[in-house]
Each structure stands twice: as C-alpha cells, then as structure tokens.
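The structure appears right after this line, and notes come after that.
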Amino acid sequence: MNSNKKDNQGLLEPGPGELIPWDKKKKEYLEITGNEKILEKTWKEIEKIGNRFIWFCLTDS
Amino acid sequence: MPETNLEKIYDQKAKRLITAMRNEKPDRVPLRIYAAEFCAKYVGYSIQEVTHDLEKAFFSIRKCARDFKWDGTLTNPIYVWTGLTETIGLKYFKVPGIDLPPDAGFQYLEPEDEEDAYMHENDYDLLIESPTEFLANIWLPRVSKYFLPPGAKNTFSNNMAWLKGGMAMLHYDYKNIEQAQLMKEDSGTVSSVIGILIAPMDVLANKLRGFKQLCIDVYRRPEKVLAACKALQYHLLQNALYTSDPEKKFPVGLWLHRGNLFSEKIFKEIYWTTLKEIIEELWKNKIQTLWYAEGDWSHWTNYVKTLPEKSIIYHVDKEDIFEVYNKIGEKFCLSGGIPNDMLAFSQPDEIKEFCKKVIKKVAKYGGYILDAGGAIQQDAKIENVRALTEAVFEFGQY
C-alpha cells in the first residue's frame with residue numbers, strides 16, 4: 001500500500017493521521033531556536049486527534 | 001474479595017474469547033453477544049432514551065451483560081449517539097424522538113439521486129487528490145446543517161459545531177473507555193471489539209456517493225472508483241490502527257455492507273483488492289479483524305479464504321453457518337449464525353436446539369463464538385436471548 005501523495009500546490013494534502021502536515025506548519029516559523037523535534041512531536045500528537053475527528057464523522061457516525 | 005473474583009472472571013472470559021478467536025479450543029464456547037436496541041427493551045428504556053442518553057445506553061448493556069452472563073460484548077449498543085450527531089447537525093439520520101417515534105430504531109437516509117448525493121460524480125478527483133481535505137471542506141459541509149465550506153461567510157454555528165463536535169468525540173471516546181472498565185468491574189465482561197474499519201468501497205457506497213450512484217459509477221467511471229478506493233485505503237488503515245487495541249488482543253471491527261451486492265468482476269477488481277490489503281496490513285501488525293459480514297456473503301468465501309490463517313474472525317449473518325464452516329472453518333474462527341428471525345419468532349426450545357446443533361458441529365474443535373447473526377434489535381424475545389445463554393452452559397463445555 002502506498003499513501004499516494006503527490007505534490008499539488010493549493011492543497012495541503014494531509015497524509016493519514018495529519019491535518020496540517022508538519023512540513024507545512026514549520027514554514028510559519030522564521031527560526032526555531034531550540035530542538036525542532038520537540039515541537040514536531042507535540043504538533044503531530046494533536047494532529048492525530050484532529051484527523052481522527054474527520055474520519056470519526058465518516059466511519060463512526 | 002469480590003474485586004479479585006471479578007478480575008479472575010474477566011481473565012477467564014478474555015482467555016476464552018482470545019483462544020476461540022485464534023481458532024483454538026477454549027474451556028467452553030464463548031458467548032459474545034452484539035445486542036443493540038434489545039438492551040433498551042430489556043431494561044425498560046425507550047429507544048429514544050438510549051439513542052440520546054449515553055449513560056442509559058451504557059447501563060442497559062451492562063445490565064444485559066451481567067444478567068445474560070455474556071463473555072464479551074460491545075461497549076455501546078447503539079450506533080447513533082445524538083450528543084455527536086445533533087451537535088454537528090448530521091442530515092443523514094432519522095432519529096427516534098425527533099424524526100421517528102420514540103420506540104423506533106434510527107434510520108439512515110440513502111441519497112435518492114445524483115442531486116442528493118453527498119459527493120457528486122465530478123468530485124472524484126478532489127477526493128482522490130486529498131481525502132481528508134475533501135471530507136473536511138466539501139463532504140462535512142454537505143452532510144451537516146452547521147459546517148460551512150471554505151470561502152463561505154462564517155457563522156457562530158459553524159465555529160461552535162467544530163468546537164463541540166471535537167469535544168463530543170473526545171467525551172464519547174473517554175466514556176467508552178470508562179464503560180469497558182465498568183463492564184469489567186460489574187460482571188467481568190470483556191469489551192471484545194476495539195477499533196473500526198470500513199471497506200473503502202463501502203465508504204463510497206454508504207456516505208459519499210450512495211449505493212445507487214455508485215452502481216452507475218462502477219460502469220461509467222470504474223477507474224475513478226478504484227482510484228478513490230485506493231486513496232481512501234491508507235487513511236482507513238490509519239483510522240483502524242489508531243482506534244485498535246494497544247495490547248492487540250481484541251480485533252478491529254469491520255462492518256461489511258455492500259460488497260456482497262456487486263458482480264464478481266466489480267467485487268474482485270475494486271472492493272476486494274482494496275480491502276484485502278488493509279486486513280493484511282493489520283495482520284502484519286498482529287491485529288485481527290472481525291469480518292462482520294452483514295447479509296449473505298457466501299458467494300465470496302473463496303476470496304476470503306485467501307486471507308492469512310487466523311487473520312480474521314468470520315461472522316455469519318444470513319449465511320448457512322454449516323456451509324461456511326465446511327469451506328473456511330479450518331482456517332478462521334467463526335462467530336454468529338443464530339438467525340435473528342428465530343430470536344424474534346421462534347420458541348426458546350427451538351433456539352436451544354439450533355444452538356446445540358451449531359455447537360456440536362461448528363464448535364466441535366473450538367474456533368467458534370456464539371452470537372446472533374446481526375445485532376439484536378428490540379424485536380427479539382427476552383426468553384429467546386436467555387435461551388442462548390442456557391444453550392452455551394448446557395452444551396458448550398469442552
């Protein structure tokens with residue numbers, strides 16, 4: 001199975017478990033003065049819950 | 001100590017279920033009942049009460065689990081909970097106490113034609129390009145009274161629906177986890193399905209295009225249907241993994257809907273090929289799938305047979321369970337097969353006799369879990385559901 005992601009301008013194209021992919025989010029920062037991985041981990045944790053809501057509406061209700 | 005006893009009982013029940021699900025022989029045939037509106041009837045609630053009030057829904061199934069000595073069941077008997085569906089204003093359900101009499105079960109509204117469909121025929125490329133964005137930006141605003149598409153003039157209702165919808169889902173998830181613990185503490189009953197999977201093509205048929213429109217699409221634009229199913233595949237796998245049992249003991253529920261209604265060509269080339277890969281990925285992650293085959297799927301047993309041994313539990317609804325057993329019983333655990341019609345119209349001694357026959361033939365070497373064919377509704381007689389329990393205790397010991 002492949003995630004079938006393509007580079008398509010105008011769409012964020014979140015992958016499974018994502019809404020705003022980290023690669024897009026981090027462009028908002030002019031500079032990350034500390035450890036990027038710390039920001040990324042927390043961002044992705046909440047992404048999964050948000051993504052689950054969209055798919056919950058589709059599969060669970 | 002009562003707590004210790006219940007913990008022991010829980011462990012026994014869990015072991016019984018897990019052993020059978022791995023197609024092996026436990027100490028006795030497990031009783032794992034999926035009951036829906038029946039639970040409300042049993043405790044004296046209206047269907048409206050258990051559809052709207054989560055605590056009443058949960059209490060009703062805990063009481064049934066305790067009184068009927070079920071080894072396992074679902075945490076929530078009722079699929080629709082208005083705490084979520086009304087919060088986000090879902091249009092596709094008719095709900096008891098709102099659109100239906102208080103004692104009717106909820107109904108799903110199938111889109112009647114292209115105009116009514118929640119995904120239109122020219123939307124395929126949008127879905128294929130970015131499924132999650134399609135759902136959030138296009139599908140949800142169409143199925144909800146409150147959500148707005150990007151670019152529309154915003155409203156307080158839209159903002160609050162997003163806020164409250166997310167909160168409602170977290171509340172629902174939290175309450176289900178709590179309910180699993182309460183079932184354990186109350187009667188040692190196991191929450192025996194954890195996580196959800198829907199086949200990609202069922203997603204199209206159920207919630208996006210609607211069955212009638214999809215039946216046209218598979219002839220007019222089959223390549224789009226296949227591409228859409230492939231685009232959905234990876235997201236549905238992620239959804240199943242995210243909601244699955246972290247301990248990998250209990251299966252993800254796969255509630256099968258429309259795949260048995262298409263021709264073999266369509267089934268093989270689209271439905272099966274995109275579903276099979278998800279089940280195999282779950283199995284690579286050591287997660288079983290409950291193949292809950294609603295209706296009659298007997299014409300596709302040869303396809304199902306190609307799945308890895310023990311990767312699924314094959315649940316029998318309208319099929320002849322003895323025939324299913326002969327075809328795939330050596331490879332997979334079976335469950336169900338007790339016709340819901342019998343629970344509604346037969347007598348307790350007939351139920352017992354049929355269960356005895358199933359237990360003696362299908363459960364002979366283990367690998368069988370007793371349950372009704374479909375989720376038990378309010379038409380089932382209480383004495384017939386009781387007869388299921390008695391049959392297991394009378395005939396199901398190894």
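Note that the coordinates shown come from a computational prediction; the quantities given were computed from them, not determined experimentally. First the proteins, then the strands, lettered A, B, ... as listed; each starts at 1.
- At a heavy-atom separation below 4.5 angstrom, chain A is approached by B:Leu84, B:Thr85, B:Ile88, B:Leu90, B:Tyr92, B:Phe93 within residues 83-93 of chain B.
- Rounded to the nearest 0.5 angstrom, B:Thr132 OG1 and A:Leu19 CG are separated by 7.0 Å.
- Contacts with chain A (heavy atom to heavy atom, under 4.5 Å) involve these residues of residues 140-149 of chain B, listed by number: B:Leu140, B:Phe147.
- At a threshold of 4.5 Å between non-hydrogen side-chain atoms, the residues A:Leu12 and B:Glu133 count as touching.
- Within the 4.5 angstrom heavy-atom criterion, no atom of B:Val80 approaches chain A.
- Note on B:Ile198, B:Ile196, B:Val203, B:Asp173: by heavy-atom pairs under 4.5 Å with chain A, the leading option is B:Ile196.
- The stretch residues 43-58 of chain A places A:Lys48, A:Ile49, A:Asn51, A:Arg52, A:Phe53, A:Ile54, A:Trp55, A:Phe56, A:Cys57, A:Leu58 near chain B, each with some heavy atom under 4.5 Å from a heavy atom of that chain.
- Looking at B:Leu197, there are no atoms closer than 4.5 Å to chain A (heavy atoms on both sides), in backbone or side chain.
- Among all heavy-atom pairs drawn from A:Pro16 and B:Gln238, the shortest one is CB-CB, 3.5 Å.
- Interface remark: B:Tyr242 contributes side-chain atoms only to the contact with chain A (heavy atom separation under 4.5 Å).
- The backbone N or O of A:Glu13 lies less than 3.5 Å from no partner atom in the side chain of B:Glu129, so there is not a single donor-acceptor pair.
- Counting heavy atoms of neighbouring residues, nucleotides and ligands inside a 6.0 Å radius, atom NZ of B:Lys164 does not exceed 12 of them.
- Taking non-hydrogen atoms and a 4.5 Å limit, the residue list of residues 165-172 of chain B in contact with chain A, ordered by number, reads B:Gly165, B:Gly166, B:Met169, B:Leu170, B:Tyr172.
- For chain A, the nearby part of B:Trp139 is the side chain; its heavy atoms alone come within less than 4.5 Å.
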